[in-house]
Amino acid sequence: MKREVFSVCGMCSARCPIKVEIVNGQITWIEGNPYVFGIEKSLCARGSAGLVHLYDSERPRYPMIRTGERGSGNWKKLTWDEALSYVVNKLSEIIGRYGVKSVAFLDRGAGLFGEMQRVFIKAIGSPNYFNHDDLCRKNVDLAVQSLIGIPRGDISYDFTNAKHIVSFGRAFFDAVVVREANNVLRALEKGAKLTYFDPRVNVTATKATKYFRIRPGTDYAVVLALIHQVLKEELFDQEFVEKYFLGLSELENFIKPYSPKWAEVESGVPADEIVKLSRELGKAKPQVIIYPYWFGARYRDSFYCARAIWILNFLLGNLEQKGGLILAKSPKEVRAQPLKSLLEPIPSPQDKRIEAELNKGFLYDDAGHLLYLWKAIKTGNPYPIKALFVYRYDPFAGMPLESIKSIINHLELLVHIPVDFGTTSWFADIILPESTYLERDDIIGLQRGARPAFIVRKKAIEPLYETKPRWWIFTELCRKMGLEKYVPYETIEEIWYYQLEGTGVDIKDFDKKGLVFLWDEPLLYERNNLKFKTPSGKIELTSSLMQEREVPEFIPYQTPKRPEIEKGEFRLLFGRAAMHTHARTQNNPLLNEIKPENELWINSEIAESLGIKDREIIEVSSEDYTGTIRAKVTPFIHPEAVFMIRGYQNDIPWLSRIYGKGLNEGRLLKGVFDKFALGSHTGALFETFVRVRKKS
Ligand SMILES: Nc1nc2c(c(=O)[nH]1)N[C@H]1C(S)=C(S)[C@@H](COP(=O)(O)OP(=O)(O)OC[C@H]3O[C@@H](n4cnc5c(=O)[nH]c(N)nc54)[C@H](O)[C@@H]3O)O[C@H]1N2
Ligand SMILES: Nc1nc2c(c(=O)[nH]1)N[C@H]1C(S)=C(S)[C@@H](COP(=O)(O)OP(=O)(O)OC[C@H]3O[C@@H](n4cnc5c(=O)[nH]c(N)nc54)[C@H](O)[C@@H]3O)O[C@H]1N2
Ligand code: SF4
Ligand SMILES: [Mo]
């Protein structure tokens, strides 16, 4: 018998809507949801390999408790009841001794279905909910919040109608999100230009209309020079800027020294090209998109660079414009009833979250500053953190072993809730494996954008092994903690009914297309009548909120440190490749076949001077760690940088297909988790230098 189920891919955080075909209880086919614009049946390699992940013997299949030292690799199988009882007993002990704020929850991210896990931490009463964003997009997020009062997720990009797309290392065709990749390609087919800046030639660079090999860490210089030129030649949208900008004269004063000629010296991007680009953008406006990063936890000035990129967009008046940036519409704005919140009925915690207690951090959003969490665990300041739950995230996969050890030494309970084995599970006390996305139902989520929709993930098959869905794990944990009043539901259906109450939408409505659109067409606001969610209602280049928090609105450019190349010192860059998701798919049998091992990209001239040959095994060292990796000698990378694909956890024995192969960039990041980006207090992962030499 053949069935079809609409669901949502879970092989990366893009969460593409999918359609799954099941024949006699076996999944036979997965494709992109045909009804969703930009997806239309397509799927990336990882999305297809989800099927292989499902049957992979090297994923956790039942709850496990550690029996030896942390990291010894000795484990015992538990039943779910035993595992959850153990967690709850231990947790009660810790709360009794240190108070409930000593419990922290580290989530990959709230995302579409994220309310469920937050129910648990809110129900127990701890303020310490964190997500990974400080090491990902937080700079971009805080930057746009500081200007127009909404997070990045509330802005979408109308690529298909754009005339010119500019990207500073947002690698559309390497760090793939199906919808974006398809829509950017569509724009290119329609004649749009793509200008791409990156210290190395990746796939995205090869598809660009124009590519610049920018010196690592100097994007801010080029963006400042573009703003300089746009203001100087009055290439901006005068009416829009006059109407909505607060602080234009402060910007004009600040930007004066940052000419294209100056930027050329910093970045290596020719001044006349910067002038040309600013004119092209002035001409193509408002159908232009300057993509404000995604992975923005790069350099010390990345928050200010992201702010500058947003400012450049707004100068060109591309908000609420075809081919520009589109603001998300809430269900209320399209006259629909929002989903009922699972979190709202739970009282807010009494205590302050770590960085609020320290009075540090940007404090705009509610997801915490991760680097302060690590610090608090290590130092006990401002108060001890003794229990840590890590959900859908493998933070230790990208960290040096010393940092991991210094964290776990202070924890009395570390619970990992993954779908794969990884470094965090290796060092955890207990592993609670979730069912994969193909085997589980999730709560209903709101897909934001110009055309908001409700979307749900539905299981295609029953779990193959003894794994459980998140709604069950967290409601069961609440129940065992005596907090059943906050989870008054027994089944996922009851949760769906609760969420949909009053919306007029029925759960059966999802069977037709997988999602339920709340409006027929993408909706644009009246552009002459915009009101921003800032104190002044304007686009705040100068901001009372930033001033209150003593965060400067503009910071002068500082030349990044130059590595001593002649001594084999380089800036370490890393990033994604289309066939792998972060640190979790390298061991996937199918994806491993495509890219079993990573290499270190190194500039050919420099390699020659160091006597390094293509494909030979070389040594890479940070202050406290040396690893080996194959060299990829290439002219297509800036001489100051070396690059590797991230995520090869080659030192974790239970990942047999990658054990001993390639190198994990995370192990080389000594000291990086103590480096804070200016203004935003987020991470700055590319502020790392390594030594490279021939193998001794
Ligand atoms: N296949 C795949 N796709 C993904 C993901 C995945 O794991 N796998 N993850 C998703 C997630 S969570 C994220 S955050 C995004 C990340 O999306 P991106 O930010 O687009 O991807 P990255 O690979 O982190 O970085 C892209 C490029 O930045 C370049 N770069 C380094 N330094 C500089 C610099 O100073 N200036 C400029 N202009 N470029 C520089 C690197 O050489 C690299 O090619 O990808 C998403 N998409
Ligand atoms: N060293 C280093 N650190 C980095 C980065 C880097 O490039 N290098 N990149 C940063 C960025 S941009 C990001 S987004 C993060 C990404 O870092 P991670 O979120 O750790 O990336 P993944 O490898 O996707 O790991 C996801 C973890 O979640 C689990 N997981 C996946 N799907 C599910 C699910 O449906 N349910 C449950 N319960 N678990 C699931 C996997 O089993 C795995 O343990 O890392 C950041 N930190
Ligand atoms: S981009 Fe690929 S892996 Fe990510 S959700 Fe979409 S299909 Fe799945
Ligand atoms: Mo990310």
Side-chain angles (χ1 to χ4, degrees), residues 10-14 44-46 53 59-60 107-109 113 117 131-137 140 167-177 180-181 196-205 212-220 222 267 291 293-299 302 305 370 390-400 416-425 432-437 440 442 457 467 469-470 473 560 571 573-586 601 637-638 641 643 645-647 649 664-669 672-673 683 685-686 688:
M11 289 301 284
C12 87
S13 51
C44 80
R46 299 163 295 149
H53 179 251
R59 70 164 164 109
D107 188 2
R108 165 61 184 276
F113 312 119
Q117 55 268 29
N131 72 23
H132 82 295
D133 272 349
D134 274 42
L135 296 177
C136 177
R137 62 171 201 179
V140 186
S167 162
F168 292 87
R170 164 72 190 111
F172 299 112
F173 306 116
D174 303 78
V176 171
V177 166
E180 276 192 354
Y196 186 63
F197 296 85
D198 196 309
R200 89 197 156 102
V201 179
N202 55 6
V203 179
T204 310
F212 296 104
R213 192 181 77 174
I214 193 167
R215 182 176 164 230
T218 64
D219 292 345
Y220 187 39
V222 174
S267 65
Y291 198 99
Y293 284 158
W294 181 342
F295 170 56
R298 297 184 173 190
Y299 299 94
S302 287
C305 183
L370 175 52
V390 181
Y391 175 75
R392 211 173 72 81
Y393 184 25
D394 188 355
F396 292 171
M399 269 192 184
H416 196 213
I417 309 171
V419 294
D420 306 282
F421 289 125
T423 315
T424 307
S425 25
L432 304 177
E434 189 172 16
S435 309
T436 70
Y437 67 101
R440 75 170 192 254
D442 269 314
R457 176 180 278 144
T467 60
R470 88 175 92 173
I473 297 173
R571 192 181 281 274
L573 304 182
F574 39 86
R576 339 271 164 242
M579 76 299 276
H580 283 307
T581 296
H582 292 289
R584 64 168 290 225
T585 59
Q586 288 75 7
W601 290 43
I637 183 163
H638 195 280
F643 171 90
I645 298 175
R646 87 154 294 211
Q649 300 180 72
N664 183 348
E665 87 296 339
R667 307 293 182 245
L668 291 160
L669 298 182
V672 91
F673 297 96
L685 295 185
F686 291 166
T688 307

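Computed from a prediction, not measured in an experiment: that's the story for all the values here. Just so you know, ligand 1 is whichever comes first in the structure, and atom 1 is the first atom listed for that ligand. Hydrogens, waters and symmetry mates are skipped; everything else that's a heavy atom, side chains included, is used.
Judged purely by distance below 3.5 Å, without hydrogens or angles, the side chains of Asn202 and Tyr196 pair a donor atom with an acceptor atom. In this model, a donor atom of one side chain and an acceptor atom of the other lie less than 3.5 Å apart for His582 and Arg646. A side-chain donor from one of Tyr391 and Arg470 sits under 3.5 Å from a side-chain acceptor of the other.
Set against the non-hydrogen atoms of Phe295, the atoms of ligand 2 under 4.0 Å away are 12 (S). The atoms of ligand 1 that sit less than 4.0 Å from any heavy atom of Pro216 are 35 (O). Applying the 4.0 Å criterion to heavy atoms of Leu573 picks out, from ligand 1, the atoms 31 (C), 32 (N).
By the criterion of a heavy-atom distance under 4.0 Å, neither the backbone nor the side chain of Arg298 is placed next to ligand 2. Here Ala14 has no heavy atoms under 4.0 Å from ligand 1, in either its backbone or its side chain. If you look at Arg646 next to ligand 2, the close heavy atoms, those under 4.0 Å, all belong to the side chain. Both the backbone and the side chain of Ala171 come within 4.0 Å of ligand 1, judged by heavy-atom distances.
Residue contact check for ligand 2: Tyr437 places no non-hydrogen atom closer than 4.0 Å to it. Taking 4.0 Å as the cut-off, Arg137 does not count as a neighbour of ligand 1 on heavy-atom distance. Residue contacts with ligand 2: Met11 is excluded, as none of its non-hydrogen atoms falls under 4.0 Å.
Closest to atom 18 (P) of ligand 1 among all protein heavy atoms lies Arg170 NH1, 3.6 Å. The protein heavy atom nearest to atom 9 (N) of ligand 1 is His582 NE2, 3.2 Å.
Taking only non-hydrogen atoms, the option from His53, His416, Met399, Arg108 nearest to atom 19 (O) of ligand 2 is Arg108.
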